[in-house]
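Notes follow the structure.
Bear in mind the structure is a predicted one, so any value in this text is a computation, not a measurement.
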Amino acid sequence: QVQVVESGGGLVQPGESLRLSCAASGSISAIYNMGWYRQAPGKEREMVAIIIDGGKASYAESVKGRFTISRDNDKNTGYLQMNSLKPDDTAVYYCNVEGDSGRDHYEYFEVWGQGTLVTVSL
């Protein structure tokens with residue numbers, strides 16, 4: 001069993017920053033991809049940023065230059081540094097983790113966290 005827990009959400013004003021964390025725990029042999037997604041009220045869930053094993057990152061156009069995704073493989077933890085936040089960034093942010101949970105054989109897993117709310121407002 002693998003669990004994923006996000007933290008770091010909150011209420012901030014436009015232009016301010018937040019750092020989200022995504023901690024994976026349980027039976028983990030390796031983590032391949034860690035991704036952040038978000039879902040605003042009345043909208044579909046969308047990809048925000050993904051970082052693959054090796055460190056290469058991809059971003060949605062709407063957050064390029066403002067958000068930075070990173071990971072600490074020793075801690076099985078991912079981060080999303082969000083700067084220059086805008087009201088349009090208001091959403092529930094979800095972490096998605098893919099990897100291998102097998103001990104003696106390969107066993108793929110993909111787990112979503114429960115989400116953390118980010119609200120950007122005056």
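- In terms of heavy-atom proximity, Val92 sits nearest to Gly115 at CG1-CA, 3.8 Å.
- For the pair Asn96 and Glu110, the tightest heavy-atom approach, listed with the atom from each and the gap, is ND2-OE2, 3.1 Å.
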* **Check against side-chain contact (heavy atoms from CB on, under 4.5 Å), Ser21 and Lys75** => CA-CA 11 Å; Ser21 298; Lys75 297 180 179 179; over 6 Å; no

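- When hydrophobic side chains of Ile, Leu, Val, Met, Phe, Trp and Tyr are connected at separations under 4.5 Å, Val5 ends up as a singleton with no cluster partners.
- For Thr77 (side chain) and Asp72 (main-chain N/O), no donor-acceptor pair under 3.5 Å exists by modelled atom type.
- Between the CG atom in Asn83 and the CD atom in Glu16 there is a gap of 11.5 Å [rounded to 0.5 Å].
- Residues Met47 and Ser58 approach most closely at SD-O, 4.4 Å, considering heavy atoms.
- Rounding to the nearest 0.5 angstrom, the gap separating the NZ atom in Lys86 from the OG atom in Ser121 is 16.0 Å.
- Listed here is the closest heavy atom pair of Pro14 and Leu122: CD-CD2, 3.8 Å.
- To the nearest 0.5 angstrom, Arg45 atom CZ is 13.0 Å from Arg38 atom CZ.
- Side chain of Ser29 to main chain of Gly102: a donor-acceptor pair is present (N/O by atom type, distance under 3.5 Å, no hydrogens or angles).
- Judged by distance alone, with hydrogens and angles left aside, the side-chain atoms of Asp100 form no donor-acceptor pair with the main-chain N or O of Tyr108 at under 3.5 Å.
- The OG1 atom of Thr90 sits 8.0 Å away from the CG atom of Leu117 when rounded to the nearest 0.5 Å.
- Using modelled atom types and a 3.5 Å distance limit, the side chains of Glu6 and Tyr94 yield no donor-acceptor pair.
- Taking Ile, Leu, Val, Met, Phe, Trp and Tyr as hydrophobic and joining them when side-chain heavy atoms fall under 4.5 Å apart, one finds Ile51 in a cluster with Val2, Val4, Val12, Leu18, Leu20, Ile28, Ile31, Met34, Trp36, Val48, Tyr59, Val63, Phe67, Ile69, Leu80, Met82, Leu85, Tyr93, Val97, Phe109, Val111, Val118, Val120.
- One finds the CZ atom of Arg103 at 5.5 Å from the OG atom of Ser27 (value rounded to the nearest 0.5 Å).
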